[in-house]
Number of protein chains: 2
Amino acid sequence: MAAKPLRSARSDNRLPAVLDAAARRFAERGYAAASMRDIAEACGMLPGSLYYHFAAKEDLLVAVYGAGVEQLSAAVRGAVEKETAPWARLEAACAAHLEALLEHGDYAQVLVRVLPVDVPNAAARLKALRADYERVFRDQIRDLPLPPGTDRSALRLMLLGALNWSRFWFVEKGRETPRSLARKFVHLLEESLHA
Amino acid sequence: MAAKPLRSARSDNRLPAVLDAAARRFAERGYAAASMRDIAEACGMLPGSLYYHFAAKEDLLVAVYGAGVEQLSAAVRGAVEKETAPWARLEAACAAHLEALLEHGDYAQVLVRVLPVDVPNAAARLKALRADYERVFRDQIRDLPLPPGTDRSALRLMLLGALNWSRFWFVEKGRETPRSLARKFVHLLEESLHA
DNA sequence: TGATACAACAAACGATCGTTTGGTTTACGG
DNA sequence: CCGTAAACCAAACGATCGTTTGTTGTATCA
């Protein structure tokens, strides 16, 4: 619970640097293996100084996690709005998701790397944040013209699973891009499911 | 480096219990958050006693990881052999993979929960073990009759990603079973990809 | 410009981490 | 039944963990 400041924030506030460093460490090593000392050193501060901004390591993780949801949601919603056809909108959402996850990584990767059970006291908050984000995909899949009886929930879980897991094998060398990968994944489903 | 015993193992050897306890802790909490003390206590031993069987925590993880690959490979190969049609064989492989992952868990879950990068000194060994296992799926997808130009590599990565990620949302309540889920995932791909 | 509160430093706290070392028990082969 | 080695205990080692506490500097606003 950060106490509300009586005055506005100072211009030399290093909170953004703290969040960036924490996002990088959490994304690279996971929650438990990323130490507060690592994070502090990465942004030129002392370990104890982090506790001016956050009461506990868990709260720092929640802040990074929330920023990741914010960033991903904005990217996906922005991409979806540029398309009109349902399948094109879904593909745009997947492409934006993969680009955020695989290219300008860190914050988005924390959503994939850190599981709610890793942070027991904040598990509920993390689950709520993630569910909030995934609603965009639920909406896109709801609007798809599909054969009657198709399990849209299974379709969503399959697609999101494939997208998220790509973080663990994708390498930037080679000709495959996040966008091309999203195109392949969606097309593997689209042709067989055309209503 | 476990020294080769000069005599055969004793009947009160608790190595299996150590592996079981380690598998459970690694699967539940991940590598970093599972402590040697937790594992030792779970099988009624003292922390230092684990070092009679393994020279380091990393080696214990590698042993569990290898056992997980063994168990998954056996289950999937056994399931595949009971079918003849290519798509039925793939579905059987997915069902066996999901059953091992979601029901009689622990060892199989370690493959999904622990990333090679979590264990720097053993990352190469873990990658090799995982690649060894995934060859079963590569073979099944190679034998699929698919439209020309289909990217079988993307298909494999999509399917395995969806299967593995299910560990993070699947709950046993409700009517969905690992088998029914595998059926849905494969069918979502099959109908559109019939050669 | 002086008072205020933001933002960080400096230095430690106890707890827990992986691991080591030397001694003890006990099942097993001869 | 005895000697040996397998299997574990008992107790600690130094390192690192998240966190706390008291103090210091400095940007901001009246």
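Residue numbers start from 1 in every chain, and the chains themselves are labelled A, B, ... in the order their sequence lines are given, proteins ahead of strands.
- Rounded to whole Å, atom P of D/dT16 lies 11 Å from atom CG of A/Asp38.
- Put simply, B/Ser49 has a side-chain N or O that comes within less than 4.0 Å of OP1 or OP2 on D/dC9.
- Each of B/Pro47 and B/Ala9 has a nearest nucleotide on DNA chain D; the 5'-most of these lies closest to B/Ala9.
- What separates OH of B/Tyr52 from C1' of D/dA6 is a distance of 4 Å, to the nearest Å.
- The distance from atom OH of B/Tyr51 to atom P of C/dG18 is 6 Å, rounded to the nearest whole Å.
- Rounded to whole Å, the distance from CG on A/Leu46 to P on D/dT20 is 16 Å.
- Mapping B/Arg37 and A/Gly48 onto DNA chain D by nearest heavy atom places B/Arg37 closer to the 5' end of the strand.
- If you check every strand for non-hydrogen atoms under 4.0 Å, B/Ala40 touches nothing.
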Please report the C-alpha distance between A/Asp106 and A/Arg24 in whole Å, then the side-chain angles of each, then the deciding distance to 0.1 Å, and finally whether the salt bridge (charged side-chain N to carboxylate O under 4.0 Å, His left out) criterion is met.
-> CA-CA 5 Å; A/Asp106 291 352; A/Arg24 167 148 296 174; 3.2 Å; yes
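- Here the C1' atom of nucleotide C/dC9 and the CE atom of A/Met45 are 9 Å apart, to the nearest Å.
- Side-chain atoms of A/Arg7 come within donor-acceptor range of the base of C/dT4, with a qualifying N/O pair under 3.5 Å.
- A straight line from CD of B/Glu58 to C1' of C/dC17 spans 14 Å, rounded to a whole angstrom.
- One finds a salt bridge joining B/Arg113 and A/Asp118 here, because a Lys/Arg side-chain nitrogen approaches an Asp/Glu carboxylate oxygen to under 4.0 Å.
- Comparing A/Asn13 and B/Ala32 along DNA chain C, the residue whose closest nucleotide (by nearest heavy atom) sits nearer the 5' end is A/Asn13.
- Proximity of A/His53 to the phosphate of C/dC6: no side-chain N or O atom is located under 4.0 Å from OP1 or OP2.
- A salt bridge is defined here as a Lys NZ or Arg NE, NH1 or NH2 lying under 4.0 Å from an Asp or Glu carboxylate O, and B/Asp59 with B/Arg125 meets this definition.
- Rounded to a whole Å, the NZ atom of B/Lys57 is 17 Å from the C1' atom of C/dT20.
- Within the 4.0 Å cut-off from OP1 or OP2 of C/dA27, not a single side-chain nitrogen or oxygen of B/Ser11 is found.
- The side chain of B/Ser8 places no N or O atom within less than 4.0 Å of a non-bridging phosphate oxygen (OP1 or OP2) of C/dC28.
- Between B/Asp139 and B/Arg89, none of the side-chain N atoms (NZ, or NE/NH1/NH2) sits under 4.0 Å from a carboxylate O, so this pair counts as no salt bridge.
- The two residues B/Leu60 and B/Phe26 have their closest heavy-atom pair at CG-CE1, 4.2 Å.
- Residue B/Arg10 contributes atom CZ, which lies 8 Å from atom P of D/dC8 at whole-angstrom precision.
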